Number of protein chains: 2
Amino acid sequence: MAISGGPGRDRPEPSGEPELPDVDELAISGKEPPSARVPLSRGRILSAALAFIDEEGIGALTMRRLGARLGVEAMSLYRYVPGREDLLDGVVDALVIELDGDLDVLRTPEHGWQDFLQRMAHGVRRMAIAHPRAFPLIASTPPEAPWLRPPLRSIRWVETFLAGLLAEGFDDEQAVAVYRAFTSFLLGNLLLEVSQRGAALGPLDLVEEEEPANGLSDAPTIERLSALLADDNSLQEFEESLESLIDRITIQIVAGSGA
Amino acid sequence: MAISGGPGRDRPEPSGEPELPDVDELAISGKEPPSARVPLSRGRILSAALAFIDEEGIGALTMRRLGARLGVEAMSLYRYVPGREDLLDGVVDALVIELDGDLDVLRTPEHGWQDFLQRMAHGVRRMAIAHPRAFPLIASTPPEAPWLRPPLRSIRWVETFLAGLLAEGFDDEQAVAVYRAFTSFLLGNLLLEVSQRGAALGPLDLVEEEEPANGLSDAPTIERLSALLADDNSLQEFEESLESLIDRITIQIVAGSGA
DNA sequence: CGCACGAGGCTTACACCGTAAGAAGCACCC
DNA sequence: GGGTGCTTCTTACGGTGTAAGCCTCGTGCG
């Protein structure tokens with residue numbers, strides 16, 4: 001949460017205001033009809049970028065096109081965003097902020113940490129499904145400056161998660177262990193689900209190859225199974241895996257509490 | 001695939017098959033000293049691309065630079081590779097091929113499917129650690145043509161894995177279920193491990209900010225925990241998670257066998 | 001009122017990118 | 001010699017991120 005007064009890193013905006021609100025409105029609005037001149041802001045830019053990615057994918061997002069969508073020249077964006085990579089970082093942060101404001105995943109001290117993890121997982125899942133093309137961003141280190149960054153391109157994610165765990169009574173090492181287990185779980189499950197959800201449109205795009213009766217016939221395997229692969233019963237699977245993970249954490253913590 | 005005999009260092013290249021000019025040598029050699037004119041081939045290109053990515057990251061890989069590394073003009077690459085995206089696909093496929101030739105993960109019918117999964121997981125892990133900057137490729141749908149593709153950018157991966165599972169006696173639905181669970185597990189665990197392994201160089205690159213005594217003090221959380229986060233005891237964690245997952249599969253399969 | 005000023009947006013420019021089209025080298029066989 | 005294919009190089013085009021500077025106002029101050 002941290003209403004942008006706290007740990008928000010200061011953007012290299014030395015002038016005027018000491019701190020600018022990273023994401024303000026984030027109205028998740030679509031494209032702007034050429035209405036009155038809305039004054040352009042970091043929030044509006046990030047919001048438009050997210051909408052753009054949702055519609056056309058990350059690769060299609062260029063500064064010029066994003067500018068055009070906002071009725072503005074590309075270079076104007078640089079007044080609010082240091083560059084393209086930082087813009088993508090900003091989109092990820094915006095998603096995370098939207099997430100943990102969405103269901104205020106902290107502030108429920110009465111239901112215990114299992115409930116916290118459940119809420120967190122479902123919140124992230126909802127996000128992944130709502131923005132399937134933006135979600136993989138969270139798991140990809142940016143092409144430039146590949147390391148020397150927080151894992152997963154959003155320090156806010158780590159902060160939010162760890163703070164929640166600590167608030168639930170975990171100690172430092174437990175929190176980190178749970179963070180790892182849970183983040184890797186979410187990452188894997190949701191990346192796979194999102195990618196399969198996309199592939200389900202028309203199953204696997206095997207180039208329509210005429211396998212000329214290869215005697216061994218190992219190609220048909222995937223053709224035969226592609227319907228099963230595209231079959232979308234993933235919510236139930238997600239639930240089961242989630243509960244199983246939470247059980248495992250219980251056991252691990254209980255078993256490890258002696259040490 | 002082509003028993004490939006004993007310890008001969010010969011690369012897979014299943015020469016019996018009709019025509020598979022995909023990956024031939026893949027010597028994983030480094031940069032080519034300007035020695036004699038080696039004739040350039042898809043395999044050499046993919047190998048150089050992988051080495052390039054390992055050294056400088058995906059973002060730094062351009063056709064021109066890759067050409068220069070091979071002592072060749074950029075356009076020459078297009079005789080063997082349809083374009084940049086396909087080149088990246090090829091790199092992923094090369095990794096997967098290297099993997100399942102590396103430990104011939106099939107062909108061990110005597111040790112049961114748990115052993116198969118163990119070998120698979122460790123093989124992928126070794127690959128992820130050997131090529132940490134290339135590995136995220138496997139989990140990222142290409143920016144163009146985002147859907148309409150096999151999940152995870154390598155149909156070969158799906159094929160190899162499913163074929164192995166079927167060979168171990170799973171039926172179709174079980175194989176798909178195990179494939180999902182296992183792939184998501186590997187993806188999540190290894191993406192996180194790889195990214196943290198990178199971040200461990202110097203912990204989190206917080207811009208050195210002078211937080212002017214914000215009363216709430218929620219910033220230090222991550223600073224305090226960053227050492228723990230960077231701490232690399234991940235092999236053991238991986239093993240534990242792996243065993244736990246395999247147990248879960250056992251239970252699930254046993255429980256689900258009645259249906 | 002006049003006017004400097006500065007924020008916000010625009011224009012120009014540059015280096016680099018992927019790649020389409022075709023020219024130039026080259027080994028071979030007739 | 002003259003084709004005849006490959007393979008590689010040259011040239012060129014449209015697109016990209018972004019550095020540098022210009023223009024245009026609303027605004028505050030004398």
Side-chain angles (χ1 to χ4, degrees), chain A residues 11-21 24-25 32 34-49 52-53 56-91 137 140 142-146, chain B residues 19 21 24-25 32 34-46 48-49 52-53 56-91 137 140 142-146:
Chain A
R11 284 290 167 198
E13 273 300 320
S15 69
E17 320 173 71
E19 51 104 57
L20 81 163
D24 30 275
E25 50 214 80
E32 303 282 340
S35 63
R37 311 274 280 123
V38 229
L40 198 58
S41 69
R42 184 172 163 93
R44 240 163 66 76
I45 291 175
L46 292 182
S47 156
F52 198 110
I53 291 174
E56 314 198 31
I58 296 166
L61 178 66
T62 46
M63 302 302 277
R64 283 180 237 260
R65 287 216 265 251
L66 181 57
R69 184 195 194 101
L70 288 162
V72 133
E73 222 58 30
M75 289 310 294
S76 302
L77 305 177
Y78 283 83
R79 184 124 340 224
Y80 303 92
V81 162
R84 201 188 107 111
E85 281 307 314
D86 304 76
L87 188 150
L88 294 181
D89 288 357
V91 169
L137 263 184
S140 71
E144 336 289 326
Chain B
E19 46 153 2
D24 28 280
E25 52 213 78
E32 302 280 341
S35 63
R37 309 276 280 123
V38 230
L40 198 57
S41 70
R42 183 173 164 92
R44 241 164 64 76
I45 291 175
L46 292 183
F52 198 109
I53 291 174
E56 314 198 31
I58 295 165
L61 178 66
T62 49
M63 302 302 275
R64 284 180 235 258
R65 288 216 265 251
L66 180 58
R69 183 195 194 101
L70 288 162
V72 133
E73 223 59 28
M75 289 309 293
S76 304
L77 306 176
Y78 284 83
R79 184 111 351 215
Y80 303 91
V81 162
R84 200 189 107 110
E85 280 307 315
D86 304 77
L87 188 151
L88 294 181
D89 287 356
V91 169
L137 263 184
S140 70
E144 336 288 326

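Convention: sequence-line order gives letters A, B, ...; per-chain numbering from 1. Remember, it's a predicted structure, so these values are computed and weren't measured experimentally.
Both B/Arg79 and B/Pro82 lie close to DNA chain C; mapped to their nearest nucleotides by heavy-atom distance, the more 5′-ward contact belongs to B/Pro82.
B/Arg42 places its CZ atom 17 Å from the C1' atom of D/dT7, with the value rounded to the nearest Å. When rounded to the nearest whole Å, the span between CG of A/Leu88 and C1' of D/dG17 equals 12 Å. One atom, OH of A/Tyr80, and another, C1' of C/dG9, lie 8 Å apart when rounded to the nearest Å. When rounded to the nearest whole Å, the span between CG of A/Leu87 and C1' of D/dT16 equals 15 Å. Distance, A/Met63 CE to D/dA19 P: 10 Å, rounded to whole Å. Put simply, CG on A/Leu66 is 15 Å from C1' on D/dT18, counting in whole angstrom units. When the P atom of D/dT7 is taken as reference, atom CE of B/Met75 falls 15 Å away, rounded to whole Å. In this entry the distance linking CD of A/Glu73 with C1' of D/dT18 reads 14 Å, nearest Å.
Proximity of a side-chain donor or acceptor of A/Arg69 to a complementary backbone N or O of A/Arg64 within less than 3.5 Å is not detected.
Taking only distance into account, the side chain of A/Arg64 meets the base of D/dG17 through a donor-acceptor pair shorter than 3.5 Å.
Of all non-hydrogen atoms in A/Leu77 and A/Gly67, the two that sit nearest each other are CD1-N, 3.9 Å. Between B/Leu46 and B/Val91 the shortest heavy-atom distance is CD2-N, 3.9 Å. Of all non-hydrogen atoms in B/Ala48 and B/Leu70, the two that sit nearest each other are CB-CD2, 3.8 Å.
Under 4.0 angstrom from either OP1 or OP2 of C/dC10 there lies at least one side-chain N or O belonging to A/Ser76. Using a 4.0 Å cut-off, some side-chain N or O of B/Arg65 falls inside it from OP1 or OP2 of C/dC17.
B/Arg84 comes within 4.0 angstrom of sugar-phosphate atoms only, judged by non-hydrogen atoms across all strands, and of no base.
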